[in-house]
A.B. asks: 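The structure is given below, and queries will be raised subsequently.
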Amino acid sequence: MIRGEPASTPLWRTAMLVSAIVLVVFHLGLIFSGLVPNLVSRPVHLALALPWIFLFAGGPVVQRITGALFCAAGVAACFWVALNQSMLSDQYGFLEGDLQLVIAIVLLITVLEGARRAIGWPLPIVAALALAYGLFGQHIPGEFGHSGTPTASFLGTLTIAEGGIWGSLTGVSVNVVAIFVIFGAVLNAGEAGQGFMNVAAAAAGRLKGGAAKVSVLSSALFGSISGSASANVASTGAITLPAMTKLGYPKRLAGAVEAVASSGGQIMPPLMGAGAFVMVELTRVPYTQIMAAALLPAVLYFFAVWVGINAYARRFDLAAIDQGDQPSLKQVLITSAFFMVPFLVLLHGMFVVRYTPQYAACLAILAGFVLLFFNASGTFDAGQILRRMESAVLTAARQVSVIAAIIVCASIIIGVLAITGLGVKITSLILSGSGGYLWPSLFLTALACLFLGMEVPTTAAYVICVSVAGPALIQQGLEPLQAHLFVFWFALISTITPPVCGAVFIAAGMVGENWLKVAMTAMALGVGLYVIPLAMIANPAVIELAATPFAAVIAAAKIGVGLALVSFGLIGFKMPWQKLLATLAGLVVIFVGGGLL
């Protein structure tokens, strides 16, 4: 923090801490307090997030002044909606009077500006274009115009009813995503991260290419709770990247391993970041079923990465981690408890007692909170405990607020699609453009996911793409869960695919290598990210682990053999004809006999 900024003063720090505690307590309280009206809980959720977007983010003086104005106006508008929810529920989304019109405009502008400050221009630009279409689309000639909606009804549906920024997607952010973000923040504030690293080092450190394999395992474990490829790179990479370079790994390979491994965290159960819970809302498929469907594809992804690392280890003679740098069994057992205990509480709550995921997560948060009082050395350090608690609530508040900014802004787009019928028209366009064939529809959808994912976070790219392309894929015969998993995976590939590849940029910067070299290596190492979504379509049994476990395992084995051929073919061979033959053989194994060939 730059000296002299407000965040550097004790008073400002206290304000941040109080704000963070209120945000965390509010979201945990919602789970234990019973039913709270949606037009109360969702506006308050946004009101508590706005200070973290506009006030506590720092920046130049002008930005802080305008941020304070946006924050004050936005918080006031949110609390006005919450306080008047009984009256507003009787208006059925129709604005009455100038005050309500002003409230609606303030809310929409605040949401757009909040998303811009949180993640940049692309998502709010798309949302602003959607708003413009809703307001003026009746003037567009042809089938892509709409019949027009009264302004009071259009803006009211988006801002004072549950069809826009207070819609079901925001409900997911309030009731589920926020809880699991708090869970991750509590785990990371303690020694769970070191526990992940120690378990991974004990499992793979002695193997050839061990440092790279430790990165894969630790990133899979850590990424399943962080839900962010960039956060995963920055955290686990701080340990794995120096370890790999110290052992003589080429820098481009070290950066690529970390970027690819970290990207896989968002597809690894049990948490899968925010995407899994958004998928629950959009598909109405139970969370446990989504987790079971995602498990084998995620394992196949990391298997393909593992095969690729073995191929690189063979080429570069990559060493294992030195015996002296590997954790002892005692260290592994002690530190692993810091993540195993909360995870066991979570899984017991969901699968044995059958609580809702968010209620089980609250119990896991309490277990993780208790563990903040302990450390691996067995000493009691009051200062350390307070720092951990502070870190947990501050990190949780920042992450909850950023996700809220993303989801509420994306909800504008979803609301406009529903009000104007534009989603149905885009679906028709995809169907006609693909000639009614599944393959071209998959290609068009994947391309849209790639381009959109380059500019907005994975969850937002997934929500937007599946809203417009999902119905088209389902109309062409895909099961809803198939279509959603396909879109979600392709929304993720932008983390390692140029020209905008966030995980690669961070890893390349940390290791001091040209980002394009890291990206090219990452694309070869992470080839499963491109192949597995199509393999899920060609071999649908692989996502039916809960219903038909034997068939799912057989399908996974078939895909695994093909992936091994593709991955080793791209990396392990030097001659182009060898690469081509192995890759083609792998693709034949995966797709022949499936639904695509």
A.B. asks: Supply the atom-to-atom distance Ile309 CD1 to Leu253 CG, rounded to the nearest 0.5 angstrom.
C.D. replies: 7.5 Å
A.B. asks: Distance check, rounded to the nearest 0.5 Å: Cys449 atom SG versus Leu444 atom CG?
C.D. replies: 11.0 Å
A.B. asks: Begin from the C-alpha positions of Leu478 and Leu438 and carry the test side-chain contact (heavy atoms from CB on, under 4.5 Å) through to its verdict.
C.D. replies: CA-CA 9 Å; Leu478 296 189; Leu438 181 59; 4.0 Å; yes
A.B. asks: Do Ile537 and Leu442 come close enough that some side-chain heavy atom pair is under 4.5 Å?
C.D. replies: yes
A.B. asks: Would you sort out whether Val531 and Phe591 count as a side-chain contact (heavy atoms from CB on, under 4.5 Å), showing the intermediate values?
C.D. replies: CA-CA 10 Å; Val531 175; Phe591 294 113; 4.2 Å; yes
A.B. asks: Nearest 0.5 Å please: distance from the CE atom of Met291 over to the CG atom of Leu347.
C.D. replies: 6.5 Å
A.B. asks: With a sphere of 6.0 Å drawn around CZ of Phe32, does it hold more than 12 non-hydrogen atoms of other residues, nucleotides or ligands?
C.D. replies: yes
A.B. asks: Please round to the nearest 0.5 Å and tell me the distance separating atom CG of Leu296 and atom CG of Leu545.
C.D. replies: 5.0 Å
A.B. asks: Do Leu187 and Phe343 have side-chain heavy atoms sitting under 4.5 Å apart?
C.D. replies: yes
A.B. asks: Report the residues that fulfil side-chain hydrogen bond (donor to acceptor under 3.5 Å, both in side chains) with Gln194, sequence neighbours left out, ordered by chain and then residue number.
C.D. replies: Asn198
A.B. asks: Rounded to the nearest 0.5 Å, what's the gap from CG on Leu570 to CD on Gln578? Could you check?
C.D. replies: 12.5 Å
A.B. asks: Does Glu479 have any salt bridge (charged side-chain N to carboxylate O under 4.0 Å, His left out) partners at least two apart in sequence or in another chain, and if so, which?
C.D. replies: none
A.B. asks: Checking the side chain of Gln289 only, and the main-chain atoms of Pro286 only, is there a donor and an acceptor separated by less than 3.5 Å?
C.D. replies: no
A.B. asks: Do we see a donor-acceptor contact under 3.5 Å between the side chains of Tyr312 and Thr521?
C.D. replies: no
A.B. asks: Spell out, as yes or no, whether a donor-acceptor pair under 3.5 Å connects the side chain of Thr583 to the backbone of Leu580.
C.D. replies: no
A.B. asks: Give a yes or no answer on whether the side chain of Glu191 reaches the backbone of Ala376 with a donor-acceptor pair at less than 3.5 Å.
C.D. replies: yes
A.B. asks: Within the side chain of Ser567, is there an N or O that forms a donor-acceptor pair under 3.5 Å with the backbone of Ala304?
C.D. replies: yes
A.B. asks: Consider side chain to side chain donor-acceptor pair (under 3.5 Å). Of Arg42, Glu281, His45, which one does Ser173 pass it with?
C.D. replies: His45
A.B. asks: Could you state the interatomic distance from CD1 (Ile532) to CG (Asn539), rounded to the nearest 0.5 Å?
C.D. replies: 11.5 Å
A.B. asks: Apply side-chain contact (heavy atoms from CB on, under 4.5 Å) to residues Val280 and Val172 and explain how you reach the verdict.
C.D. replies: CA-CA 9 Å; Val280 170; Val172 176; over 6 Å; no
A.B. asks: Take the angle between the ring planes of Phe277 and Phe180 and call it parallel below 30°, perpendicular above 60°, tilted in between.
C.D. replies: parallel
A.B. asks: Do you see a donor-acceptor pair shorter than 3.5 Å between the side chains of Gln331 and Thr335?
C.D. replies: no
A.B. asks: May I ask you to test the Ile179-Leu28 pair for a side-chain heavy-atom distance under 4.5 Å?
C.D. replies: yes
A.B. asks: Check whether more than 12 heavy atoms from other residues, nucleotides or ligands sit under 6.0 Å from atom CZ of Arg314, and answer yes or no.
C.D. replies: no
A.B. asks: Please tell me whether Phe490 and Tyr462 form a close aromatic pair, meaning their ring centres lie under 6.0 Å apart.
C.D. replies: no
A.B. asks: Where do Leu344 and Met340 land on the side-chain contact (heavy atoms from CB on, under 4.5 Å) test, with the steps shown first?
C.D. replies: CA-CA 6 Å; Leu344 288 175; Met340 284 300 298; 4.3 Å; yes
A.B. asks: Can you list the residues that meet the salt bridge (charged side-chain N to carboxylate O under 4.0 Å, His left out) rule with Arg354, with sequence neighbours excluded?
C.D. replies: none
